[in-house]
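Lettering follows sequence order; numbering is per chain, from 1.
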Number of protein chains: 2
Amino acid sequence: MHKQRHQVIIADDHPILLKGLHEFLADLGLEVIGAFHNGKDALDAIQDSQPPLAILDLEMPEMTGLEVAADCKKLGLKTRVILLTLHKELKFYQQAKELNISGYILKEFALNDLRKAVDTVLSGGEFFSEKLFEGLKKEDCLSDHSLTPSELKILRLIADGHSTKEIAEQLFISERTVDKHRSNIISKLNLEKKHNSLLIWAQNNKESLY
Amino acid sequence: MHKQRHQVIIADDHPILLKGLHEFLADLGLEVIGAFHNGKDALDAIQDSQPPLAILDLEMPEMTGLEVAADCKKLGLKTRVILLTLHKELKFYQQAKELNISGYILKEFALNDLRKAVDTVLSGGEFFSEKLFEGLKKEDCLSDHSLTPSELKILRLIADGHSTKEIAEQLFISERTVDKHRSNIISKLNLEKKHNSLLIWAQNNKESLY
DNA sequence: CCAAAAATAGGTATTTCTACGTATTGTCTT
DNA sequence: AAGACAATACGTAGAAATACCTATTTTTGG
């Protein structure tokens, strides 16, 4: 499968996972030229060696995998990036598409899937977990309900724990306007006609708002 | 360090982590006689082989690591259990102490710490991460504020999105009583004197209520 | 057993959230 | 240019959450 020893740099702040990843890639015949437990060190190494592939954890101290990928793009490096993540979250996926992210896979994935991702990306392709999209469609109700920019802005402020009054002050609009937006949001999200249902929804769906 | 080849059974639903754990224990000179990706299979294997040690993920499909440990105790097995977890959460630690849990470590831990835990537990000792306790004191405000059972019950219902009226009906008490409890909870938790601050707190701290 | 703590209940007042109206202005698309 | 949609704003009203009181009964710990 891998006739030449492709070089790869990896990073994950969980040492056990990093070791597992290292061993697995070695088994695949790849040459792991660097294994780091934070994003910063990984970026430095990628700049130095410019390997064809880097596999990075999304959540890491110093720099996230996404930030490293962004910097790689800025620097014009040819290194392709596969992100590892625990959660199937939309917000990152959207950003990932805008960067030079070539793969995005869940850590729960079977090793076979990881192998497939590595092969695909090294051949110039992309690999995004299907499960990611499943999750998205279910979790992200926003695109379906097509909230307007203002509604979204207000929803985020509600999620941050701000009251109507505070939101009005912050956005330099009338409280009534905020009220109206709230009302519209509730309709669009099909929430119960119950007090604080919007607040509760916002608190529990913070992640999908960004 | 490990002159006899101690046997161990491991389980984690993240394949990469499972592989890393497997390799690491092999490096330590342990004999991994079973590696599973769910709690049920691990329990079966533990029953069959009764190894001196099992290292289990806390969060797994079918059965959690804690449930497996509980069953081991019920069955009177001599197998000692080390739990692996991503989060430093008190709720599990408290339960863990009541079972035959011999170790409890965070996945972020350095491999050296894991080695130490394995050595300690195989020698008959216990190993609980210090960072666990740090986290507890900060995250778990409940024990500090010493909420009464009723207050806790009401707090849970608030976290479930119930209104004062609903809580009163559900508990067969007056709305005023619920009001009073809410008021006391707010005082004990030192929340802002702001509308819905209790609701927002409850929504964001659901996990620490159980 | 006695004292402290907790659970129960009520009164009054304020603030906030929400529903359901209407109406004006601007922008974007066809 | 016309029509649709979005953002803005206002009014009225009711439900809910919270604050700040008091007071009685139960439970529990020393």
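- Looking at H195(B), its side chain comes within 3.5 Å of the base of dT15(C) through a donor and an acceptor atom.
- Distances shorter than 4.0 Å separate none of the side-chain N or O atoms of T164(B) from OP1 or OP2 on dA16(D).
- Across the protein-nucleic acid pair, E166(B) atom CD and dA15(D) atom C1' stand 12 Å apart, rounded to whole Å.
- The existence of a salt bridge linking K116(B) and D119(B) is excluded, since no basic side-chain nitrogen approaches an acidic carboxylate oxygen closer than 4.0 Å.
- In H162(A), the NE2 atom is crowded: over 12 heavy atoms of neighbouring residues, nucleotides or ligands sit closer than 6.0 Å.
- Between the NE2 atom of H181(A) and the P atom of dA19(C) there is a distance of 15 Å, given to the nearest Å.
- Between I9(B) and A42(B) the shortest heavy-atom distance is CG2-O, 4.4 Å.
- With respect to E166(B) and K194(A), a salt bridge is recorded, a charged nitrogen being found less than 4.0 Å from a carboxylate O.
- Put simply, CG on L155(A) is 11 Å from P on dT18(C), counting in whole angstrom units.
- Atoms CD1 (I185(A)) and P (dT18(C)) sit 10 Å apart, rounded to a whole Å.
- For the residue pair D13(A)/N38(A), the side-chain donor-acceptor check at 3.5 Å is not satisfied.
- The shortest non-hydrogen separation linking D71(A) to M63(A) is OD2-CE, 3.6 Å.
- Atom CD1 of I158(A) and atom P of dT18(C) are 7 Å apart (whole Å).
- For the pair K194(A) NZ and dA19(C) P, the computed distance is 13 Å after rounding to whole Å.
- Between N184(A) atom CG and dA6(D) atom C1' the separation is 10 Å, expressed in whole Å.
- Put simply, CD on E192(B) is 13 Å from P on dT16(C), counting in whole angstrom units.
- Contact check, K165(B) against dA16(D): a side-chain N or O comes under 4.0 Å of OP1 or OP2.
- For G65(A) against M60(A), the heavy-atom pair with the smallest separation is N-CE, 4.0 Å.
- Residues of residues 169-180 of chain B having a heavy atom closer than 4.0 Å to DNA chain C, listed by number: I173(B), S174(B), R176(B), T177(B), K180(B).
- When the side-chain nitrogen and oxygen atoms of T148(A) are compared with OP1 and OP2 of dA6(D), none of them lie within a distance under 4.0 Å.
- Judged by closest nucleotide on DNA chain C, P149(B) is the one of P149(B) and N196(B) placed further toward the 5' end.
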